[in-house]
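To start, the structure itself, in structure tokens.
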Amino acid sequence: MRAETGVSARPAPPARAAQPLVLRREAFGGILFDPFDATHLELDAEGFEVVRAALIDGRAPETDEARAFFESVRLEIPGLGAGARLVRARLGTPLPVVTRHAQVISAPTLVDLQLTQRCTMGCPQCYASSLPDGRDIPFEDVARLLRELADAGVCQLAIGGGEPLLHPDIVRVLELAHELGIVPNVTTTGIALNEAVLDAMARCCGAVALSLEDVGEGFALRRKAGFGFFENARRKLREHGIRTVFQVTLSGENLPRLPAIVDYCLADDDLYGVIFLAHKPSGRGEGYDTPLSSVHPDQLYPWLREAFMRLRGHTRVGYDCCLTPGIAGIDRELQFGDGDRLEGCSAARSSIGIDADLRVVPCTFLGHRPLGDLHTSSFLEVWRGGEADAQRRRLDVLADDRPACSSCRLRDDCLGGCPEWDLIRCTRRGPPGEERTPEPERTPDAT
């Protein structure tokens with residue numbers, strides 16, 4: 001029996017009402033998700049049956065092995081026990097998608113929703129090219145979508161934009177997602193943090209993210225509001241007990257500022273987490289800053305390793321899947337447990353994006369690759385459709401075609417990197433004490 005979890009340190013969150021657990025059957029066994037602190041467990045088939053029997057049938061584990069396994073799950077999930085928590089169960093037939101390397105689940109666990117295209121900041125690196133007169137998704141469409149996502153077993157919603165707090169119905173959106181058992185998380189610049197919004201965030205959100213690409217005067221190079229505005233937003237979130245995450249988008253230009261950013265994060269005593277993201281050449285960002293592929297891995301890896309090492313005892317540390325090739329080997333250096341693993345591109349495998357025009361896209365950075373339109377198709381029709389399958393096959397091709405990937409122990413986790421852009425160069429690090437495997441010289445046509 002096996003349960004795999006995500007990688008992070010877990011400081012105790014503020015007291016929150018317990019939402020129903022999510023239990024989903026999958027081809028490999030199933031998923032158990034706890035909205036309380038976003039604990040996500042992947043269970044093998046035997047472990048899934050033990051958990052299903054206890055939570056759905058009210059039947060206690062019958063063998064010593066099963067009891068020990070269920071106790072290990074209880075340690076991960078607060079208040080877990082037969083009848084102790086409500087369960088939102090999805091026990092139907094899993095999605096029959098078979099790929100060589102990229103595991104695909106029956107519905108995404110995370111949906112990235114571009115609630116609006118509107119923002120007044122005009123930041124020079126905005127991946128969405130947001131404008132003050134951008135479109136909002138009407139609340140009626142959002143409500144219909146959220147009910148579809150809940151029925152599909154979606155666990156979390158990443159709400160962005162534009163600036164999502166400028167949506168006229170942001171409070172209703174947060175409340176409805178919470179009511180349906182989906183954890184809403186919000187990325188914001190801090191605009192429109194009024195009392196009604198702050199109260200809704202405190203009651204409904206898993207976490208709220210503020211972007212932090214530099215500290216002090218350098219902050220204003222990428223975020224027009226300036227560092228004082230950022231710190232004021234952080235203060236408001238803290239005063240309302242809202243779990244706050246700093247999102248750090250790294251590029252070739254701001255990488256040398258990473259130690260100063262880490263210092264700032266370490267000085268924030270109740271910071272809920274830090275998430276590192278790779279800069280993408282999308283929207284206005286296409287002409288602003290360069291991806292981390294401009295940095296040699298022998299230089300990049302030490303920067304990232306030091307940041308992870310310094311932060312992991314202070315707060316949760318996460319990363320977007322685009323960074324995985326750049327931290328290949330960090331799992332061994334930081335002695336991740338057997339259930340922890342690096343993860344490559346999750347687009348159309350465990351996550352999906354929906355833009356402000358209700359188009360489904362692999363991720364919100366790939367608006368030019370629509371998979372379907374929710375005006376004419378249901379969400380699950382798009383997830384199970386041919387365009388989504390084609391996106392998944394791109395990952396298989398990438399993992400097979402890159403020579404350096406063929407002998408790598410992480411190929412089925414990393415999947416070769418981003419299928420769209422050359423965002424980061426692979427570290428190919430072995431266990432401690434081994435030399436890094438040299439990466440072949442790249443040519444302009446190399447994949």
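Since the structure is predicted, the reported quantities are computational estimates derived from the model, not experimental observations. Count residues from 1 along the sequence.
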Shortest non-hydrogen separation from [X] to [Y] and the atoms involved:
X: A152; Y: A107; result: O-CB, 3.4 Å
X: C119; Y: L166; result: CA-CD1, 4.0 Å
X: L174; Y: V186; result: CD2-CG2, 3.8 Å

pair [X]-[Y]: side-chain heavy atoms closer than 4.5 Å:
X: L210; Y: T188; answer: yes
X: L311; Y: C265; answer: yes
X: P419; Y: C345; answer: yes
X: V360; Y: E381; answer: no
X: R52; Y: L43; answer: no
X: V317; Y: F276; answer: yes
X: M201; Y: V208; answer: yes
X: R234; Y: L212; answer: no

In Å, rounded to the nearest 0.5 Å, how long is the span from [atom1] of [X] to [atom2] of [Y]?
X: Q299; Y: L255; atom1: CD; atom2: CG; result: 9.0 Å
X: F379; Y: I354; atom1: CZ; atom2: CD1; result: 5.0 Å
X: W421; Y: S282; atom1: CH2; atom2: OG; result: 4.5 Å
X: L176; Y: C204; atom1: CG; atom2: SG; result: 10.0 Å
X: E26; Y: I105; atom1: CD; atom2: CD1; result: 5.0 Å
X: L32; Y: R24; atom1: CG; atom2: CZ; result: 11.5 Å

Heavy-atom donor-acceptor pair, [X] side chain to [Y] backbone, under 3.5 Å:
X: D37; Y: T39; value: yes
X: N185; Y: A207; value: yes
X: R392; Y: A348; value: yes
X: H178; Y: A200; value: no
X: R90; Y: D151; value: yes
X: N254; Y: E213; value: yes
X: Q247; Y: L277; value: no
X: R88; Y: G181; value: yes
X: R425; Y: H296; value: no
X: S251; Y: T249; value: no

Next item on the list: List the steps, then state whether salt bridge (Lys or Arg N to Asp or Glu O under 4.0 Å) holds for E148 with R144.
Entry: CA-CA 6 Å; E148 283 194 55; R144 172 177 58 82; 3.5 Å; yes

Item checked: Cationic tip of K280 above F365 ring, under 6.0 Å, 45° of axis ->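 Verdict for F365: a cation-pi partner in K280.
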
Next item on the list: Scan L358, I159, L115 and name whichever one has a side chain to side chain contact (heavy atoms under 4.5 Å, CB included) with V142.
Entry: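 Per the side chain to side chain contact (heavy atoms under 4.5 Å, CB included) rule, the option paired with V142 is L115, out of L358, I159, L115.
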
Basic-acidic side-chain contact under 4.0 Å: [X], [Y]:
X: R203; Y: E175; answer: yes
X: E71; Y: R67; answer: no
X: R25; Y: E49; answer: yes

Checklist line | side-chain contact (heavy atoms from CB on, under 4.5 Å) between L198 and L237, worked out | finding: CA-CA 7 Å; L198 288 163; L237 294 173; 3.9 Å; yes

Next item on the list: Start with the C-alpha gap between V197 and V171, add the side-chain angles, then the distance that decides, and say whether side-chain contact (heavy atoms from CB on, under 4.5 Å) holds.
Entry: CA-CA 6 Å; V197 169; V171 170; 4.1 Å; yes

Margin query: Between E343 and T324, do the side chains contain a donor N or O and an acceptor N or O under 3.5 Å apart?
Written below: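 Not at all, the side chains of T324 and E343 share no donor-acceptor pair under 3.5 Å.
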
Note to self: Set out, in order, the CA-CA distance, both residues' side-chain angles and the distance that settles side-chain contact (heavy atoms from CB on, under 4.5 Å) for F33 and T109, then state yes or no.
What the structure shows: CA-CA 9 Å; F33 175 77; T109 54; over 6 Å; no

Next item on the list: Could you please spell out the steps behind the side-chain contact (heavy atoms from CB on, under 4.5 Å) verdict for I261 and F246?
Entry: CA-CA 10 Å; I261 294 171; F246 291 160; over 6 Å; no

